[in-house]
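Input: a single structure, listed below in structure tokens.
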Number of protein chains: 2
Amino acid sequence: MTPTYDPFTHPASRVALEVFRLNGALIAAGDALVAPLGLTSARWQVLGAIAEAGGGLPTAGIARNMGLTRQSVQRVVDDLSAMDFVRFAPNPHHKRAKLVQLTPEGAMAFAAASACWAPVADALAAAISSPALEATAGVLRRLAETLAQQTEARHALAGWTTDPRAHPTEDTP
Amino acid sequence: MTPTYDPFTHPASRVALEVFRLNGALIAAGDALVAPLGLTSARWQVLGAIAEAGGGLPTAGIARNMGLTRQSVQRVVDDLSAMDFVRFAPNPHHKRAKLVQLTPEGAMAFAAASACWAPVADALAAAISSPALEATAGVLRRLAETLAQQTEARHALAGWTTDPRAHPTEDTP
DNA sequence: CTGACATTGACAGCTAACTGTCATATCGAC
DNA sequence: GTCGATATGACAGTTAGCTGTCAATGTCAG
């Protein structure tokens with residue numbers, strides 16, 4: 001019982017290739033959509049994560065929520081700060097890790113971006129049906145989870161957990 | 001009849017965010033998987049596109065098949081050429097656009113990468129069921145198509161098609 | 001209180017996508 | 001056959017992810 005179709009026709013491979021394509025298409029569409037606002041897809045996404053967090057998280061927390069590294073998010077946050085779309089508020093729990101919050105300009109820009117996106121999202125929902133979209137989102141989430149478990153297991157097999165004190169103290173997910 | 005949920009809960013937005021996440025997870029997993037072979041996710045994908053094309057396409061054709069720009073693919077193909085994983089065969093139809101073909105080493109590397117990927121793909125299929133994966137792939141493909149139509153329509157509205165001879169002669173997809 | 005460990009920000013460097021531009025090659029209309 | 005449109009490769013520059021590393025901060029066991 002080892003299905004293992006050839007690499008091109010395996011269902012998981014087909015999904016992976018479609019994910020790559022749609023990811024590229026979404027980024028391209030997003031860039032075009034919010035360029036008039038001085039935004040990019042990446043900045044828009046970070047802005048959204050900050051908005052969703054309600055301004056109560058530092059950079060590293062936002063990165064965790066987005067599934068990215070804190071370094072990547074930090075660079076974008078610095079850009080947004082230079083544009084006066086975000087500001088840093090003191091964090092009662094940590095002296096260096098300031099809380100990232102939207103400025104009024106940032107909130108306006110995010111609202112404008114959302115307004116640009118809404119008709120596109122509705123068009124996509126018109127083409128697919130919301131229940132099917134929800135189901136798809138669920139499948140994608142479970143695939144990401146399973147994939148994480150898989151690679152974690154591979155790391156374990158690669159002689160990595162058998163050694164205590166082997167961890168470089170940080171950033172080895 | 002304008003659903004337009006808020007930006008975070010709209011079904012299309014949720015799918016988009018899951019696509020971003022899974023895309024990142026797949027690239028990370030792929031990089032780790034094929035690193036021992038001297039490959040990366042990008043090189044592996046290009047290698048696969050060349051294998052699938054049977055060595056009968058130039059760089060630009062491979063890029064079209066992958067949904068990327070020819071410049072991106074060109075750089076990776078040059079890397080693969082430097083590693084002796086691909087070679088350039090004369091193209092009977094075009095003097096400059098050589099056909100990109102796998103060398104025996106390249107074919108071996110791709111086969112090895114496929115062998116590394118197979119158990120992961122099977123694990124994903126075990127977690128989700130192949131019919132559901134096929135359905136998901138279909139939804140993703142249709143989303144990409146719809147998105148392309150949408151952005152194309154936006155370009156048209158931006159006063160772009162009403163003008164003949166407006167095209168900069170190249171690369172304006 | 002102290003020392004090990006985890007978290008965070010900051011900086012440097014790498015990879016992989018993108019756009020823009022140019023010269024060259026092919027194709028098609030006339 | 002020639003000329004405009006298209007396709008291709010090449011090169012330069014930008015953006016957005018990543019890893020690696022370090023110092024500073026916070027947390028917790030002892």
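Chain naming here is simple, since letters A, B, ... match the order of the sequence lines and numbering starts at 1 in each.
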Residues forming a salt bridge (Lys or Arg N to Asp or Glu O under 4.0 Å) with Glu145(B), sequence neighbours excluded: Arg141(B)

Sorted by position of nearest nucleotide on DNA chain D, 5' first, the leading residue of His94(B) and Asn91(A) is His94(B)

Examine the base of dG9(C) for any acceptor or donor lying under 3.5 Å from a partner atom in the side chain of Arg70(A), and report the outcome as yes or no. yes

With a 4.0 Å cutoff (strictly under), does any side-chain N or O of Ser72(B) reach OP1 or OP2 of dC18(C)? yes

Strand contacts (DNA chain C) in residues 20-49 of chain B, 4.0 angstrom heavy-atom criterion: Thr40(B), Ala42(B)

Does a side chain donor of either Thr40(B) or Asp31(B) reach within less than 3.5 Å of an acceptor in the other side chain? no

All side-chain contact (heavy atoms from CB on, under 4.5 Å) counterparts of Glu105(A), not counting sequence neighbours: Phe85(A), Thr103(A)

Sequence neighbours left out, what passes salt bridge (Lys or Arg N to Asp or Glu O under 4.0 Å) with Arg75(B)? Give chain and number order. Asp79(B)

Set of salt bridge (Lys or Arg N to Asp or Glu O under 4.0 Å) partners for Glu134(A), sequence neighbours left out: Arg14(B)

Less than 3.5 Å between a donor and an acceptor, one on the side chain of Arg96(A) and one on the base of dA24(D), is that the case here? yes

For the helix from dC1(C)-dG30(D) to dC30(C)-dG1(D), how many degrees between its two end axes (five pairs per end), to the nearest 10°? 30°

Please round to the nearest 0.5 Å and tell me the distance separating atom CG of Leu124(A) and atom CD of Gln149(B). 10.5 Å

DNA chain D: 5'-proximal contact among Arg75(A) and Thr59(B) (nearest heavy atom): Thr59(B)

Gln71(B) (side chain) and dG13(D) (base): donor-acceptor pair under 3.5 Å: no

Result for side-chain contact (heavy atoms from CB on, under 4.5 Å) between Leu47(B) and one of Leu37(B), Val77(B), Leu80(B) points to Leu80(B)

